[in-house]
Amino acid sequence: YDFTPPILALNTPFDSTDVNHLLIDYHFNEIMLEANAIWEHTGGLPDPKERHIQALMDSELEEGIHAGTTLLNSPLLVEGAVYSISISGKDRAGNESNAPIVKDILYDITPPTIDITHPLQRTYVPTPSISFGLSEKLQKGTITYLQNGGQVDTLSPHIISMDLSLRNQGKHENIFESDGPLLTEGSIYTITISGRDRAGNKASIASIPGIIYDATPPLLTIQTPDSALAVNHNRISFTKSEDLESGHIIWTSTGGKDDS
């Protein structure tokens, strides 16, 4: 003789979380005759099937803790839709159980995308500045400067944990323009950005190789002609401290006949 209702508990997922799976953790205090798990559409993208009623089967009805369970009879959910999940049933005496529920579960199986737009690969840079875009908000993200050539950087790798402002969806322009990691002059770096969204989907790592850090201006010295000398040619000699991307030689009239 049994007139005591069974007690069910739905432990995970928690309210207001994003998931990329159909796992649930639940507990029965006794063997169940039958039970259903119900995913009910409550928001987000439309789901033509408003309620997914999934019957538990075989060992899923046994007494005890069922951790990390993907039901044999799993629902086909819609990417981007929001659901509530509940579970209920009756024991072998026909007593109806309680019906625990979790709410606001976003089903998200698409990884975020990360796109580094600046600097371009294999270029010289005077600052650690980077620009990048995120397809969605990240739950966690990391920016890494890894020295793999040129001068030795004893502080490499430089690993920056992205704060909330850097994890938001959209474009992020000229980050670390005036701050950021302390890079070594003449070192060559690979810059990477990695992260995952709230549902645990990991983005493909964005990587830009061959970034040469050069924050020291070139030094140019004119050797000849000497100042205040009279010359009958336009030849000059000069030295430079490093190779130049571009340069100009300018003759400026400062006296004598008018040069127009």
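Because the structure is a prediction, the values reported are computed rather than measured. What's counted below: heavy atoms across the whole structure, side chains too, no hydrogens, waters or symmetry copies. All residue numbers refer to positions in the sequence shown, counting from 1.
- Applying the ring pair (Phe, Tyr, Trp, His ring centres under 6.0 Å) test to H66 and every residue at least two apart in sequence or in another chain returns Y26, F28.
- E63 meets the side-chain contact (heavy atoms from CB on, under 4.5 Å) test with I31; sequence neighbours excluded.
- Listed by chain and number, the hydrophobic cluster partners of V82 are L106, where partners are ILVMFWY side chains within reach of under 4.5 Å, directly or through others.
- Side-chain atoms of E79 and T110, non-hydrogen and from C-beta on, do get closer than 4.5 Å to each other.
- Under a 4.5 Å side-chain heavy-atom criterion applied to ILVMFWY residues, the cluster that includes I143 comprises I114, I116, V125, I130, F132, L134, L138, Y145, I160, M162, L166, I175, F176, L183, Y189, I191, I193, I208, I211, Y213 as well.
- In terms of the salt bridge (charged side-chain N to carboxylate O under 4.0 Å, His left out) criterion, residue partners of K90 (sequence neighbours excluded) are, by chain and number, E96.
- In this structure, the side-chain contact (heavy atoms from CB on, under 4.5 Å) partners of S88, at least two apart in sequence or on a different chain, are S97, A99.
- When every heavy atom of N36 is checked against every heavy atom of A55, the shortest pair comes out as OD1-CA, 3.2 Å.
- Counting heavy atoms from C-beta on, the side chains of L56 and M32 never come closer than 4.5 Å.
- Scanning for side-chain contact (heavy atoms from CB on, under 4.5 Å) contacts around L76 gives an empty result, with sequence neighbours left out.
- For residues 33-52, the pairs satisfying salt bridge (Lys or Arg N to Asp or Glu O under 4.0 Å) are E40-R51, with sequence neighbours left out.
- When hydrophobic side chains of Ile, Leu, Val, Met, Phe, Trp and Tyr are connected at separations under 4.5 Å, L182 ends up as a singleton with no cluster partners.
- L33 belongs to no hydrophobic cluster, as no Ile, Leu, Val, Met, Phe, Trp or Tyr side chain comes under 4.5 Å of its own.
- Screening residues 189-201 for salt bridge (Lys or Arg N to Asp or Glu O under 4.0 Å), with sequence neighbours left out, gives D18-R198.
- Heavy atoms from other residues, nucleotides or ligands lying under 6.0 Å from CD1 of I65 number 12 at most.
- For S165, the side-chain contact (heavy atoms from CB on, under 4.5 Å) test picks out D163, with sequence neighbours left out.
- Residues T184 and V152 share a closest heavy-atom pair of CG2-O, 3.8 Å.
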